[in-house]
Amino acid sequence: MSGPSLFGRSAELDTVRALTGPGDGHAPGRGLVVLGEAGIGKSAVLADLLGYAQARGWCVLNGAGRERETGIAFAGLRQLVRPILTELLSMPGPYAEELRAAIGMVMPTSPPARSLAGTALGELLSRHAARHAGVLLIVDDAHWMDASSLETLAFAAHSLSAGPVAMVFAARGEVPPAGLDEDIAQLVFTPLSITDANELLDAQPYPPRGRVRAHILAQAAGNPMALVELSRAVADEIDERPYPAGLPLPLTDKLSTAFAAQLRDLPDRTRRALLLIAACDGKDVAAAIREARDLDPTVLAPAEEGGVITVTARGARFRHPLARSAVYYAATFADRAGAHRELADVLRDEPDRRAWHLGAAVCRPDETIASLLATTAPDAKQRAGAAAAGLALERAAELTPDRELQTTRLIMAAETASSDGQFEWAYDLAARALALPGPESLRSRARLVAGRALAWAGRPTRAAATLMPLARETARYDANIAWNALATAATASYQAGQPHDVRLVADTLTEMPPPTDEGTRAAQIWALAVTGQAHGADIAPWLRTDMAGNAESQAHAGAAAWLVDRTGDAITLLEAAREAMSAASAGAAVEGSLAALGWAYIDAGRWQEARGLAAPSGSTTSTGLADSTRHLLMATVEAACGRTGEARRLVAAALAADTENSGQLTARARHALGLCALADGDYEGAFDHLRGLYTAGGVPCHYHASYLAVGDLAIAAARSGNRVEGQALLKRIRSVLESTLPRPSERVRELFARADSVLADPADPNAYQPAALADRADGSWPFERARFQLEAGEWLRRRRRINEAKPLLRAALDAFHALGATPWKRQAEAELRACGVTVPGTLADSRRLRDLTPQQRRILGLAAEGLTNREIAQRLFLSPKTVASHLYHSFPVLGVAERHQLRALFAQPQPQT
């Protein structure tokens, strides 16, 4: 894909490209009407289709409707067929004469018959297609094309034979323009998802950040052109504050001029009414229409007829996301202020909205309005969430004359923004507060918010540099701020993963005052866990039922439990924190701890729950760190399940995010890529990825996450022919671990035991110890344990210790089957078959073919040869849907999960029927 509007349009691209060839979409010789609002991406997709068709040898006849020619009969048709007029001259018959008359090549004796001209056009296109791979007509802005042309083209579309001729029309709105009947297939473009909109913003030359980014996302409403143009309009503004949130963002001069033409001819009363709607921010339109004297439907009618707004019984809305900005900034500030004051009067029974509009109507400090905004911020939070309260507090601070009170209100806004996960905005507010005078207590709060925002925005080094001194300074007089600062510094140090940062956390711990409550005790447990000083017994108090509801404490304790490999306890605590977060809108520490919950789910083999947690949130406030973590959680699961292409795509997306100095993300990305290579059987590639988790001297790139891959590193080394190098590297890794963590967790000890076994001398009869291979009673780390059992079973089987190998391989197979770890499941099945064990439902049991009908067996045989569903359908005179149905019902009978497994199945001796 190319061009900014093609983000999130893969399904639409597939549909329009299918016009030029066989596929699951529209067959050649059919038409398609592409519908959607201006700027939604229709023209960009058609431009892609034009290049795609030409690359395949198709002739493309390209045209567009023009507003000035809407009333000129057949003007659009003349534009389209101009390149093939020579062929039209040589076409015989009365129908061709009708077409020549329609486009002005001959003088008509009577008005051209559109049905006859359309039939001739279909024949002309078919004749021209014989000289090319096909003919494609592309009509953009079909809503401006004259009705005569559209009707003729519609007749042609219906008269086309099955030859390679296709037509695609793009029109504004959700209904085809007059002349294109409803029998032609339609494709309606919908707004981009939040995820795709964020990707489009990230692709801009100067991607917007913080609050202005959320502002653009909200105002653009998923329209690609609006996203690009609004980003462009604010790109030159270093300071985003000229654009108060809740009010429209300005447009570029080019777009302002374009929209001005729509507004210029409207009556004055209509323009004033539109200004009221533009000032409403969408939330207040219903009340305004109900009570504002200028919002009578008859006053709005000219704007509705002109396509500026849509009016229904439920209210009025602008038809395009950018129209609101155009209307708002076409007025003077005095007129805009008057509109806001009128809305404040209309909303006198909604204190927070009234205060907001009064604040938008002034341009100089005003303590009366500032106080009103600050006082009603809790109402705004209850009505519309923490972001609305943060906006009210920020505007209150901007209007506050007293500098110290202004500092206080900025800090309150920053704390509110941070609690809503808007960390870039929170950092900006805290930095503005720190630039103002104020007592040390206020400055400490601002530094805490700034440090937390940096940590959760993916700036761990800067966060630790901000928070570690704060923790030491405030330890003397404010234990709460000190412990909160140290806990977040510990989080940032974990993200960075460098031993030096972790040692600084450990040193600071010695200077801290005793914890005074649940929150400070939980912060202490987390800091101890990060520095390797916490133990399982330290977690037990947090599992009491009387701790329920304290989200931040449970989050810290749960993350600590995960870090000391108390996986089950970690899940219990983090799930409780997650529930409390949803109920009570807990702070950023809880949101960040959900990453620990995702990794705990993976460790525990609860992969579906990890997927659910990592699914895109749909939030406009996602950070680079949060998105990267979600991608890596999903990538790890996808790699383990054998979907390595998708896993690599997710890793690439994670690494492309805007983060810095995150050793944790780098380590997790390398491990996921190593798993992909192992799943694909590329042991050399796996070894290259996984040894990158350590320096040549055995120092981990992340002091915790790197060690979780040591078993995979060993198997990659052994199977890629690098056993000696692997043994030497493992020795250095162990030496570093013992010097930094003398008492590693049970899980880490098991991982090193696996690595030792895999890399042991092949002649060593005691490479695998039975005690290390026994199933754990608590079922912890099932994927790691099952791979250890698989490797041991393979080692035993090759030494002909079949009876010892079989139970290990069966246990491993059961675990892989339950997890959905397909590559390792296949390895376990192959090893069991090599032990002489028939595995029911696997590829070895080809006798199950007897349970299928002859037709099902024939379909499966053709699929095993590599034929597609459509090719099988053509061969057997069936529909592709019937073929798909037979395959769907046959796979479970055979124990087959994927199509490529059929080849191995049919390579075996087949049962007699």
Side-chain angles (χ1 to χ4, degrees), residues 35-42 143 171-175 188-192 197 214-234 243-290 292 294-331 335-336 339-340 342-343 346 353 356-357 360 620:
L35 300 169
E37 65 187 20
I40 201 69
K42 305 184 299 296
H143 50 281
R172 205 171 287 174
E174 297 182 359
V175 178
V188 178
F189 277 40
T190 56
L192 297 180
H215 198 165
I216 290 172
L217 288 167
Q219 185 171 330
N223 183 286
M225 181 179 75
L227 289 161
V228 171
E229 292 298 330
L230 291 174
S231 297
R232 191 171 292 160
V234 302
Y243 314 120
L247 300 180
L249 289 165
L251 302 182
T252 57
D253 291 342
K254 176 183 176 182
L255 281 177
S256 295
T257 302
F259 278 102
Q262 266 189 304
L263 306 175
R264 190 178 301 119
D265 297 330
L266 295 175
D268 289 344
R269 285 193 68 194
T270 302
R271 288 204 299 272
R272 285 196 298 272
L274 289 176
L275 178 58
L276 274 177
I277 296 173
C280 278
D281 189 24
K283 304 177 180 69
D284 312 320
V285 174
I289 287 182
R290 187 170 60 248
D294 284 336
L295 290 185
D296 185 276
T298 57
V299 176
L300 295 171
E304 188 175 16
E305 292 166 0
V308 179
I309 59 170
T310 298
V311 181
T312 67
R314 302 176 67 179
R317 66 175 181 85
F318 289 100
R319 294 189 64 177
H320 194 278
L322 297 178
R324 180 180 173 226
S325 289
V327 169
Y328 192 79
Y329 287 105
D335 287 339
R336 299 198 299 267
H340 283 294
E342 184 174 347
L343 289 168
V346 166
R353 294 307 300 157
W356 176 255
H357 284 291
T620 61

Taking atom [atom1] of [X] and atom [atom2] of [Y], what is their separation to the nearest 0.5 Å?
{"X": "Q219", "Y": "L227", "atom1": "CD", "atom2": "CG", "result": "10.0 Å"}
{"X": "T310", "Y": "F318", "atom1": "OG1", "atom2": "CZ", "result": "10.5 Å"}
{"X": "L275", "Y": "H340", "atom1": "CG", "atom2": "NE2", "result": "7.5 Å"}
{"X": "L343", "Y": "R353", "atom1": "CG", "atom2": "CZ", "result": "9.0 Å"}
{"X": "L274", "Y": "R269", "atom1": "CG", "atom2": "CZ", "result": "12.5 Å"}

Run the side chain to side chain donor-acceptor pair (under 3.5 Å) test against R317 and tell me which residues pass, sequence neighbours left out.
none
With sequence neighbours left out, write down each residue that passes side chain to side chain donor-acceptor pair (under 3.5 Å) with E37, or none if nothing qualifies.
N223
Could you report the tightest heavy-atom contact between [X] and [Y], atom names first, then the distance?
{"X": "P321", "Y": "A220", "result": "CG-O, 3.3 Å"}
{"X": "L266", "Y": "R271", "result": "O-NH1, 2.6 Å"}
{"X": "Y329", "Y": "P248", "result": "OH-O, 2.6 Å"}
{"X": "P191", "Y": "I40", "result": "CA-CD1, 3.9 Å"}
{"X": "A38", "Y": "R172", "result": "CB-NE, 3.7 Å"}
{"X": "V311", "Y": "A316", "result": "CG2-CB, 4.1 Å"}

For the pair [X] (side chain) and [Y] (backbone), establish whether a donor and an acceptor sit closer than 3.5 Å, ignoring hydrogens and angles.
{"X": "R336", "Y": "A331", "value": "yes"}
{"X": "H143", "Y": "G173", "value": "no"}
{"X": "H215", "Y": "L247", "value": "yes"}
{"X": "T270", "Y": "L300", "value": "no"}
{"X": "S325", "Y": "L249", "value": "yes"}
{"X": "K42", "Y": "G36", "value": "yes"}

